[in-house]
Amino acid sequence: MYKSEYLNRVYESIVKRDPNEPEYLQAVREVFESLDLVVDKHPEWEKAGLIERFVEPERVLEFRVPWVDDQGKVQVNRGYRVQYNSAIGPYKGGLRFHPSVNLSVIKFLGFEQTLKNSLTTLPMGGGKGGSDFDPKGRSDAEVMRFCQSFMTEMARHIGQFTDVPAGDIGVGGREVGYLYGQFKRIVNRFEAGAITGKGIPFGGSLARTQATGYGLCYFASEALKKQRNDSFAGKKVVISGSGNVAQYAAEKCMQLGGTVVAMSDSNGYVVDERGIDLEKLFDIKQKRRARIRVYAEEVPGSEYHEGCKGIWGVKCDIALPCASQNEMDAEGARALVANGAMGVFEGANMPLTPEAIAVIQSAGLLYAPGKASNAGGVATSGLEMSQNSLRMAWSFEEVDQKLSGIMENIYNACYAASEECGCPGDLMVGANVAGFLKVAEAMMAQGVV
Ligand code: NDP
């Protein structure tokens, strides 16, 4: 499968060891395709067993999360924390609460996170965690009890120098607040740098909420400018999802002159050709925690469609998948190409199937993988940790400016690595290689650990 015998051997060994982890294997396969272009130049890696060590998480924690629901019934969920790689800093990565969470999903996310964090240039290793708990339809009190139980186990494994969790799907400001409250109570320290995405009054960073979505648009703007001499101005944009990443990607898109014509949730999507009314969307999603269907019920002229995959058939210039993994398949990608789209920039982690990526790339569209284009969230979490250590708070503008600079640097690093690998503009190769080389150098220097 790969040119490199070494990579073939390592891949076969992980398939043998973890045959029931499809998302994890998919993520590794994709990264190996890029490493195949550089591995022969580094015979020292094989000698040091570097890739074997890189694909194996440093530590996997799996634990019981018992809690009592509003009816007084005991519920039991499963919690995870995968401490993937600490070569360049403490483990760092979000927590996902969603019924689809399992070890394969958390491992794939931790693996991707390691490369993403390396790209940010900040000193953060990779980790990820979560639970199969579904916060949808649960009361605030149930969510709080669940978060407290989850943290009761996780507290002993995290800390500002050890492992720093944050939010992800199903874990927003409310959940981070409950998690931090319980952490502080257990360790009896105000160790703010142990969790990011906190509320502003207790050590959160301004612009962290907006950072992933804004960063995605900053990255896409760089690619549009440098590879197409173009911008968001006047473009029609389709954004999947309507959570944290999607909402602020939509806001920044509009600030940059784009029109967001469709957004979704896991039940369906809405189309509003005049441009999504963001105030209405924020009210529905942030305040009322309601379904996106409500948007079409309340905004005349918009339409609701059941099922989320059809969103890629809505005509647009730019697509920003911001919901979940494997949400765009080859059929969705073909629909985008047929409608004349010019670029796909991933806000979610691994939202395109390998077949969809092949369709998009072979049609010559701009394509950016999430580990580069959605790195603004974790980069700003890194800035939150810096502010916590300094015991200072920067203004929104200061953080936003740093974020925009980081995204520009990530774009430039990915482009430069793609050129060095002989495929200029292939940002997937660029992101994988640039992210890996730094981790590899640190791992080589630290010996067999
Ligand atoms: P949220 O929970 O805030 O929002 C997730 C959105 O995606 C919701 O609209 C949700 O719909 C939808 N969704 C979730 N699962 C599915 C699915 N299987 N099929 C279709 N739609 C789905 O999460 P975030 O916005 O924080 O995260 C979105 C993506 O971005 C994830 O891949 C995450 O890993 C990635 N990411 C997030 C970062 C962050 O800072 N938050 C940083 C970097 C990446 P519904 O409400 O119906 O479930």
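Start at 1 with the first residue, then count along the sequence.
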What are the two closest non-hydrogen atoms of [X] and [Y], and how far apart are they?
X: K128; Y: L109; answer: CG-CB, 3.4 Å
X: I276; Y: V270; answer: CD1-CG2, 4.0 Å
X: T209; Y: N244; answer: O-ND2, 2.9 Å
X: A431; Y: P369; answer: CB-CG, 3.9 Å
X: G167; Y: V176; answer: N-CG2, 4.2 Å
X: L320; Y: A249; answer: CD1-CB, 4.3 Å

Taking only Lys NZ, Arg NE, NH1 and NH2, and the carboxylate oxygens of Asp or Glu, determine whether [X] and [Y] approach each other closer than 4.0 Å.
X: E23; Y: K107; answer: no
X: D168; Y: R96; answer: yes
X: D163; Y: R81; answer: yes
X: R293; Y: E298; answer: no
X: D265; Y: K285; answer: yes
X: E112; Y: K371; answer: yes

If only side-chain N and O atoms count, and only distance matters, is there a donor-acceptor pair under 3.5 Å linking [Y] with [X]?
X: K92; Y: T196; result: yes
X: E346; Y: Y367; result: yes
X: E58; Y: S86; result: yes

Fill in: Pair F133 and W67, ring centroids less than 6.0 Å apart
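Ring centres of W67 and F133 closer than 6.0 Å.
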Practice prompt. Determine, using ring centers only, whether F190 and Y180 are less than 6.0 Å apart.
Written response: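 Yes: the rings meet the under 6.0 Å criterion.
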Discussion item. Within the supplied structure, the quantity of interest is the number of heavy atoms (other residues, nucleotides, ligands) at a distance under 6.0 Å from E331 CD; does it exceed 12?
Written reply: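 Count not over threshold, so no.
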Discussion item. Check this for me: N229, atom CG, are more than 12 non-hydrogen atoms of other residues, nucleotides or ligands nearer than 6.0 Å?
Written reply: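 Atom CG in N229 is not crowded, with 12 or fewer foreign heavy atoms closer than 6.0 Å.
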Worksheet item: What class does the angle between the rings of Y214 and Y248 fall in, given that below 30° is parallel, 30 to 60° is tilted and above 60° is perpendicular?
Response: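 The rings of Y214 and Y248 stand perpendicular, inter-plane angle above 60°.
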Fill in: Derivation of the side chain to side chain contact (heavy atoms under 4.5 Å, CB included) call for F282 and K287
CA-CA 7 Å; F282 282 12; K287 296 210 180 100; over 6 Å; no
Worksheet item: What's the verdict on side chain to side chain contact (heavy atoms under 4.5 Å, CB included) for V82 and Y91, showing C-alpha distance, side-chain angles and the deciding distance?
Response: CA-CA 9 Å; V82 172; Y91 311 108; over 6 Å; no
Item to complete: Let me see the working for F150 and F63 under ring pair (Phe, Tyr, Trp, His ring centres under 6.0 Å), right down to the final yes or no.
Response: CA-CA 9 Å; F150 185 90; F63 49 94; 5.2 Å; yes
Worksheet item: Between the side chain of N339 and the main-chain N/O of A341, is any donor-acceptor distance below 3.5 Å?
Response: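 Looks like no, no N/O pair under 3.5 Å.
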